[in-house]
Amino acid sequence: MSTTRTLIRNGLVITASDETHADILIEDGRIAALAAHGTDIAASWTASAERVIDATGKYVIPGGVDAHTHLDFPFGGTFSSDDFESGTRAAAWGGTTTIVDFAVQTAGHALREGLDAWHAKADGKCAIDYAFHMIVSDVNDASLKEMDLLIEEGVSSFKLFMAYPGVLYSDDGKILRAMQRASTNGGLIMMHAENGIAIDVLVEQALARGETDPRYHGEVRKVLLEAEATHRAIQLARVAGAPLYVVHVSAEEAVAELAAARDKGLPVFGETCPQYLFLSTDNLAEPGFEGAKYVCSTPLRPREHQAALWRGLRTNDLQVVSTDHCPFCFNGQKELGRGDFSKIPNGLPGIENRMDLLHQGVVDGHLTRRRWIEIACATPARMFGLYPKKGTIAPGADADIVIYDPHTEQVISAETHHMSVDYSAYEGKRVTGRVETVLSRGEPVLEDRRFVGRAGHGLYTPRSTCQYLD
Ligand code: URP
Ligand code: ZN
Ligand code: ZN
């Protein structure tokens, strides 16, 4: 914990609810106080501060909360190429100071074993704070009971898959049972909503026709099969009386299902990811095997869907933007699916790019600045029981703070990024805005774009249950 008194002066402090020209005093790793520029109280802090950060002309924003990452994640016979050290370092470069990663239950094993394994992967490695969700791949009496215990130790959300039959898939009966448990123990069910059984039929038929290129990944994982699964998940959650959070929403029709449920007053929430806001099936169709770089599930959609996603973010039919960061190198990993798109490991890199891409959403007029902070910091923290410790700038909160330069232009590239992956999904994209300085619990992690953090600074952060229902 930092014992240094740090003062951040002259910046525009942006939270989900306010924009204020205020100075911030940090003590013992927490925000001690805010005061308007030029007031006596703010002036009185200058003398006693050991570290003064001048944020003139900059935004001062809460550190990003990325509620969907897969570091060191086993998939398709390989592991995602960022581990907890490289992944959290890259997150910090991109202005994210907390991640919620997915621990995995291996079928036939206890949730506990999976969680212990993920603690071992992360312990001592992280540059920023971290927490865990649990992927439940084997819903049975024992794992249902274990959900209660995990919630008590700060793992309060559980991902289920309607996709990937034979791997992570749960049938409707299992999903209903897990939701019923969540309705009584306060857990939040996170759903990968795609009809995996139907998709597998279409995969087999496509391959039999010789349709093996990456673009067919997008064609078989149909919009209707995302919308149908989203609808079914909502109905199952209604039957169970449980809240529902649908992950990586990519299709306009799936947003419509969420909106219809929310119009009925149901506690149904949705997350989308930057790749669905900025990339499309055009990328999947890039020549040669280049499209493999963009294989993820749910898949990228035709660009017409992007407007509906931005609109959903504005109307609060979608509440959160996370990355679903699950990188695989093009060479050696994505290549596993040459000649058979179904063998391309699913996932895209992006942990470093989320805050910048969403700021570009502000520049392009899709979002207000406060909504940027709401969907990237405050709501993920509230949704997953980390608020107000994380996700805001207020007295008592952890001093996880980003000094953001809203004017500097940058070009996203694998040449300059810090993720351990040999390509960028956004190669050559020009964005306005750049992270300058990052504090985690008051400690500098990035200082004027120089990494000064360390593996092991980041702490496991137990979570309460969902605070977005309050
Ligand atoms: O393609 C993806 N999304 N890979 C990670 C696993 C998942 O379904 O979130
Ligand atoms: Zn998923
Ligand atoms: Zn994921």
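Quick caveat: nothing in here was measured; it's all calculated off a predicted structure. Counting starts at 1 for both ligands and their atoms, in listed order.
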Presence of salt bridge, E85 and R89, under 4.0 angstrom: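 Looking at R89 and E85, the cut-off is met.
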
Residue part near ligand 1, for C296, under 4.0 Å between non-hydrogen atoms: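 Both the backbone and the side chain of C296 come within reach of ligand 1.
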
Under-4.0 Å heavy-atom contact with ligand 1, by part of N346 that carries it: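 N346 to ligand 1: contacts from backbone and side chain alike.
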
Side chain R338, main chain F289, donor-acceptor under 3.5 Å: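 Between the backbone of F289 and the side chain of R338 there is no qualifying donor-acceptor contact (under 3.5 Å).
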
Any donor-acceptor N/O pair, S80 side chain to D72 backbone, under 3.5 Å: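 Flag set: sc S80 to bb D72 pair under 3.5 Å.
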
Taking only heavy atoms of [X], which atoms of ligand 1 are found under 4.0 Å from at least one of them?
X: H68; answer: 9 (O)
X: D324; answer: 2 (C), 3 (N), 5 (C), 9 (O)
X: G347; answer: 1 (O), 2 (C), 4 (N)

Among the N, O or S atoms of H192, the one nearest the Zn ion (ligand 2):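 So the atom name we want here is ND1.
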
Atom of H248 nearest the Zn ion (ligand 2) (restricted to N/O/S, atom name only):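 Sorting the N, O and S atoms of H248 by distance to the Zn ion (ligand 2) puts NE2 first.
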
Non-hydrogen atom of F161 closer than 4.0 Å to ligand 1: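 Per 4.0 Å heavy-atom rule, F161 contacts ligand 1.
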
Protein heavy atom at shortest distance from [atom]:
atom: atom 8 (O) of ligand 1; result: H192 ND1, 3.1 Å
atom: atom 7 (C) of ligand 1; result: K159 NZ, 3.4 Å
atom: atom 6 (C) of ligand 1; result: H70 NE2, 3.7 Å

Test item: I99 and T323 side chains (from C-beta on) under 4.5 Å apart, heavy atoms: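 Contact flag for I99/T323 side chains = no.
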
Any side-chain heavy-atom pair of Q306 and S280 under 4.5 Å: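 Answer yes - side chains close enough.
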
Angular separation of H68 NE2 and D324 OD1 about the Zn ion (ligand 3), given to 10°: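 Vertex the Zn ion (ligand 3), arms to NE2 of H68 and OD1 of D324: 90°.
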
N/O/S atom of A163 inside 2.8 Å of the Zn ion (ligand 2), strictly under: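 So A163 does not count as coordinating the Zn ion (ligand 2).
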
Under 3.5 Å side-chain donor-acceptor pair for Y426 and N283: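 The answer is no; no qualifying pair exists.
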
Within 45° cone and under 6.0 Å: K429 NZ/CZ vs F278 ring: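 So K429 doesn't make the cation-pi contact.
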
K293 to F330 six-membered ring, cation-pi geometry met (6.0 Å, 45°):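 Yes, cation above the ring, under 6.0 Å and within 45°.
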
Candidate with minimal heavy-atom separation from atom 1 (O) of ligand 1, of S250, C273, S297, P327: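 Answer by nearest heavy atom: S297.
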
Atom NZ of K121 with >12 non-hydrogen neighbours under 6.0 angstrom: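 Count over threshold, so yes.
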
